[in-house]
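Shown next, in structure tokens, is the structure this report addresses.
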Amino acid sequence: MRAHLARVDAVLVQALIAAALSFAHIHDIAMAAGQDGWKAWAYPISVDLLLVAAWRRLRSGTAKAGAWCWFVIALTASLGANVATAGLLDVTDVPAWLRILVAGWPAVAFLGGTLLAHSGPKTATGEIGTELIEGQDDEPEITPETPAQPAAIGPTPSTPPVPVPTALVNHARKVAAEHRTRTGAPIDTPTLRARLGVPAPLAEAVAAQL
């Protein structure tokens with residue numbers, strides 16, 4: 001237990017030192033580019049927050065392409081500041097292109113942070129449909145028996161209603177409303193079935209309740 005804590009403490013101390021150095025380098029670049037006062041301190045905070053947001057999205061397992069894109073952008077900004085302050089840049093004579101990059105960074109960070117925070121994970125439609133299908137697999141399959149003699153002419157017995165979960169109906173209403181807003185027409189049963197990922201009988205039962 002003590003060995004594990006010592007290993008964790010060492011990693012934590014190393015991470016804090018690296019974060020502090022990177023924070024200071026980004027601050028120095030912002031100062032050299034004309035962003036003085038509290039603005040110079042805000043720049044490293046925005047870079048670190050964008051890194052954290054991208055990393056959290058990567059850990060969640062959803063929208064990895066966008067998360068990798070913003071992670072690389074934030075990491076490039078951090079590494080660029082570290083390299084630039086290692087003597088490769090004259091902080092007394094910052095080039096114009098670097099001033100432009102520093103001035104435009106807040107808009108880039110705001111866009112990336114907004115997309116990472118508000119682009120939610122994939123809809124649970126497929127998961128709901130999968131759970132319902134898996135649940136139906138546990139039920140015994142009922143196959144119609146072939147009658148030995150012709151059936152008597154009479155009214156066809158009605159098909160027993162398919163039980164529809166309330167959560168699925170509520171989700172289907174949202175899908176139908178989104179479809180009407182986008183196309184201007186009510187959603188049809190085949191489209192609803194494809195969006196929900198459920199069998200045809202269940203899709204028809206859901207459509208009847210919309």
Side-chain angles (χ1 to χ4, degrees), residues 1-128 130 171 174-175 177-179 181-183 195 197:
M1 183 65 180
R2 291 182 178 179
H4 177 71
L5 290 177
R7 184 168 59 253
V8 172
D9 290 343
V11 173
L12 180 60
V13 170
Q14 182 181 8
L16 290 176
I17 293 174
L21 291 174
S22 178
F23 191 96
H25 291 159
I26 299 173
H27 170 269
D28 293 344
I29 290 295
M31 284 283 294
Q35 307 294 330
D36 54 355
W38 65 269
K39 293 180 289 185
W41 294 106
Y43 274 86
I45 295 176
S46 68
V47 174
D48 292 343
L49 288 180
L50 187 59
L51 274 172
V52 172
W55 177 248
R56 287 176 60 89
R57 178 54 58 88
L58 288 173
R59 292 290 301 273
S60 68
T62 58
K64 285 191 174 182
W68 272 117
C69 176
W70 290 110
F71 183 82
V72 170
I73 291 175
L75 185 61
T76 302
S78 179
L79 289 177
N82 295 339
V83 173
T85 54
L88 300 180
L89 176 69
D90 184 4
V91 293
T92 61
D93 186 17
V94 177
W97 62 265
L98 182 57
R99 293 180 180 272
I100 294 174
L101 287 179
V102 172
W105 172 256
V108 175
F110 176 77
L111 176 62
T114 301
L115 293 177
L116 290 171
H118 296 289
S119 58
K122 295 180 180 179
T123 176
T125 302
E127 298 178 0
I128 296 177
T130 303
H171 182 70
K174 296 179 181 179
V175 172
E178 178 187 357
H179 182 83
T181 302
R182 186 176 66 256
T183 63
R195 293 289 302 277

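One is the number of the first residue; the rest follow in order along the sequence. For the numbers below, each heavy atom of this structure counts, side chains included, while hydrogens, waters and symmetry mates do not.
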- Query: Going by heavy atoms in the side chains, are Trp70 and Val108 under 4.5 Å from each other?
  - Reply: yes
- Note on the structure: Closest non-hydrogen atoms of Leu116 and Ala67, given as atom of the first, atom of the second and distance, are CD2-CA, 4.0 Å
- Closest non-hydrogen contact found for Gln35 with Val102 is CG-CG1, 3.7 Å
- Ser46 side chain to Tyr43 main-chain N or O, any donor-acceptor pair under 3.5 Å? yes
- Task: Drop me the distance from Thr76's OG1 to Phe71's CZ, to the nearest 0.5 angstrom.
- Result: 10.0 Å
- Query: Which heavy atom in Ser78 sits nearest to a heavy atom in Ile26, and how many Å separate them?
  - Reply: CA-CD1, 4.1 Å
- Does Ile73 reach the side chain of Trp105, with side-chain heavy atoms less than 4.5 Å apart? yes
- Task: Could you tell me which non-hydrogen atom of Leu50 sits nearest to which non-hydrogen atom of Gly113, and how far apart they are?
- Result: CD1-N, 3.7 Å
- Task: To the nearest 0.5 angstrom, please state how far the CE atom of Met31 sits from the NZ atom of Lys39.
- Result: 10.5 Å
- Message: Just verifying a value: how many Å separate Ile45 CD1 and Asp48 CG, rounded to the nearest 0.5 Å?
- Response: 8.0 Å
- Item | Closest heavy-atom pair and its distance - Asn82, His25 | OD1-ND1, 2.8 Å
- Within a radius of less than 6.0 Å around CZ of Arg56, do more than 12 heavy atoms belonging to other residues, nucleotides or ligands occur? no
